Number of protein chains: 2
Amino acid sequence: MPRKRLTREESREQTRQRLLDAAAVMIAKKGLSATSVEDIAENAGYTRGAFYSNFNSKTDLFIELLRLDHQNIQEDLQKLLDADLSVEDLQKQLALFYAQCYRDDNNYVIWAEARLQALRDTKFRQRMNALCLEKRDMIAYFIEQFCKRMNMSLPGPAGDYALATIALMDGMLYFNIIMPNELPDASAESVLSTMFSKTFFGSLPA
Amino acid sequence: MPRKRLTREESREQTRQRLLDAAAVMIAKKGLSATSVEDIAENAGYTRGAFYSNFNSKTDLFIELLRLDHQNIQEDLQKLLDADLSVEDLQKQLALFYAQCYRDDNNYVIWAEARLQALRDTKFRQRMNALCLEKRDMIAYFIEQFCKRMNMSLPGPAGDYALATIALMDGMLYFNIIMPNELPDASAESVLSTMFSKTFFGSLPA
DNA sequence: GAACTCTAATACAGTTATGTATTTGAGTTC
DNA sequence: GAACTCAAATACATAACTGTATTAGAGTTC
């Protein structure tokens, strides 16, 4: 039984959202270029007509997908910063944050696809880079906060460490997805925390 | 003027090699699934007939491409190990090795494509994982050698550090390719060496 | 050099994608 | 509730890719 007769705007928004959701699933499953507009529409329960009525192109939809996910990430990070956590909790959050971003595997794949797309498409790369730099700066700020509370100073720019953090977690995450047996969670965590504590604690002033 | 009238076998080998080269270029440029068999053949100066005469499928060719590149990497690494370098040189080699693997950008993209393919195709993943584990073990051995000469001991299994090394270098490399302005070489190098020296030197026994 | 062989080109048949133009029908307006 | 509007379906015209089956011709064999 249909709860409610949807208004035109609600109905359109629902369609749009379903198309976005279906696209995320299909792109993760088959890859960006192997996913046809037809795939997306069909998987969302519509036809191509609905797609072209809501998006100009597959690329446009894809960017919207990234934008929305990035927005969620930023909001989550901001909440963490605002929460005024203890040093221990902050440390935990720093180590776990990135993995949380990719809480389901779809997101990991989608950003991996995005990176490749960025290598190929100048316009796309510009939009992508803006998102990445925002993320880097956010994490850099996070690291700075962390160091301040620990009464430490970094040997280099926080931005560089932010990049290293993203890079490291990304790579570890990939290994975890692709061959979970070879790198049990405990091991991954220990490697990460070793790298981080050695790196950051190594720079303690006293 | 044609140097020499090629023997049938030579001619076939030349065709095969040209197809492989063209595939590497096209796959890096357009992506694996966006690259058609036609693209590869045409770009190599042949028609699809030549392709199907030399390979069973695009996937087969792709795996051959990876296999060959991986073979080169392994050989290079082995040479380094055999060279019996000084500690300083060994350290340099460790930091630079991975970047050398991707000496031209094509290879980076091709392996990124391979990672995504591995996420989707079980059979492919199995072949891929074998290559990755070989590489990990090789680098782990490299790290062990390094530590031995430095008279250090690692706090954890060398394999874990090898994975972290690969992950970190991979991620940094991506940033370097995608936005070289944001991460000048000097900066990337300093981040890497900081991470490594802090991590490994932090574990010195005395 | 005639008969043979195998590489690569060509021809073919089938499938799947694209975007636009047009139509249908569920919501909206009065 | 009749006229209207816009979201989504359908129809259409193209284009591209796939793999196989067949053919042409450059090497090979004797």
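We name chains A, B, ... by the order of the sequence lines, and we start the count at 1 in each one. Nothing here was measured: the structure is a model prediction, and the numbers come from that model.
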Residues forming a salt bridge (Lys or Arg N to Asp or Glu O under 4.0 Å) with [X], sequence neighbours excluded:
X: Lys29(B); value: none
X: Arg48(B); value: Glu38(B)
X: Arg8(A); value: none

Atom-pair distance ([atom1] on [X]; [atom2] on [N]), nearest Å:
X: Glu42(B); N: dA9(C); atom1: CD; atom2: C1'; answer: 14 Å
X: Glu9(A); N: dT5(D); atom1: CD; atom2: C1'; answer: 15 Å
X: Gln14(B); N: dA26(D); atom1: CD; atom2: C1'; answer: 14 Å
X: Arg18(A); N: dA8(D); atom1: CZ; atom2: C1'; answer: 13 Å
X: Glu38(A); N: dT14(D); atom1: CD; atom2: C1'; answer: 16 Å

Item to check | With Phe124(B) via ring-ring contact (aromatic ring centres under 6.0 Å, His included) - residues at least two apart | outcome: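 Listed in chain order: Phe62(B).
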Next on the checklist: Just so I know, are the side chains of Ile166(B) and Ile139(B) near enough to count as touching, which here means a heavy-atom distance under 4.5 Å?
Outcome noted: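 Sidechains of Ile139(B) and Ile166(B): in contact.
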Next on the checklist: Restricting to side-chain contact (heavy atoms from CB on, under 4.5 Å), what partner residues turn up for Gln74(B), sequence neighbours left out?
Outcome noted: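 With neighbours one apart ignored, the set is His70(B), Leu77(B), Glu134(B), Met138(B).
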Checklist entry - Between residues 24-35 of chain B and DNA chain D, which residues have a heavy-atom gap below 4.0 Å? => result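 Within residues 24-35 of chain B, no residue comes under 4.0 Å of DNA chain D.
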Which residues share a side chain to side chain donor-acceptor pair (under 3.5 Å) with [X], sequence neighbours left out:
X: Arg125(B); value: none
X: Gln78(B); value: Asp82(B)
X: Asp21(B); value: Gln17(B)
X: Arg67(B); value: Glu64(B), Gln71(B)

Can you name the atoms? Protein N/O to nucleotides 11-16 of chain C N/O, anything below 3.5 Å, with the distance.
none

Between the protein and nucleotides 6-8 of chain C, list every N/O to N/O distance that falls short of 3.5 Å.
residue, atom, partner, partner atom, Å
dC6(C), O4', Arg8(B), NH1, 3.2
dT7(C), O5', Arg12(B), NH1, 3.1
dA8(C), OP1, Thr15(B), OG1, 2.2
dA8(C), OP2, Asn54(B), ND2, 2.9

Checklist entry - Sub-3.5 Å donor-acceptor pair from the side chain of Asp170(B) to the main-chain atoms of Ala167(B), do we have one? => result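 No, because the side chain of Asp170(B) does not come within donor-acceptor range (under 3.5 Å) of the backbone of Ala167(B).
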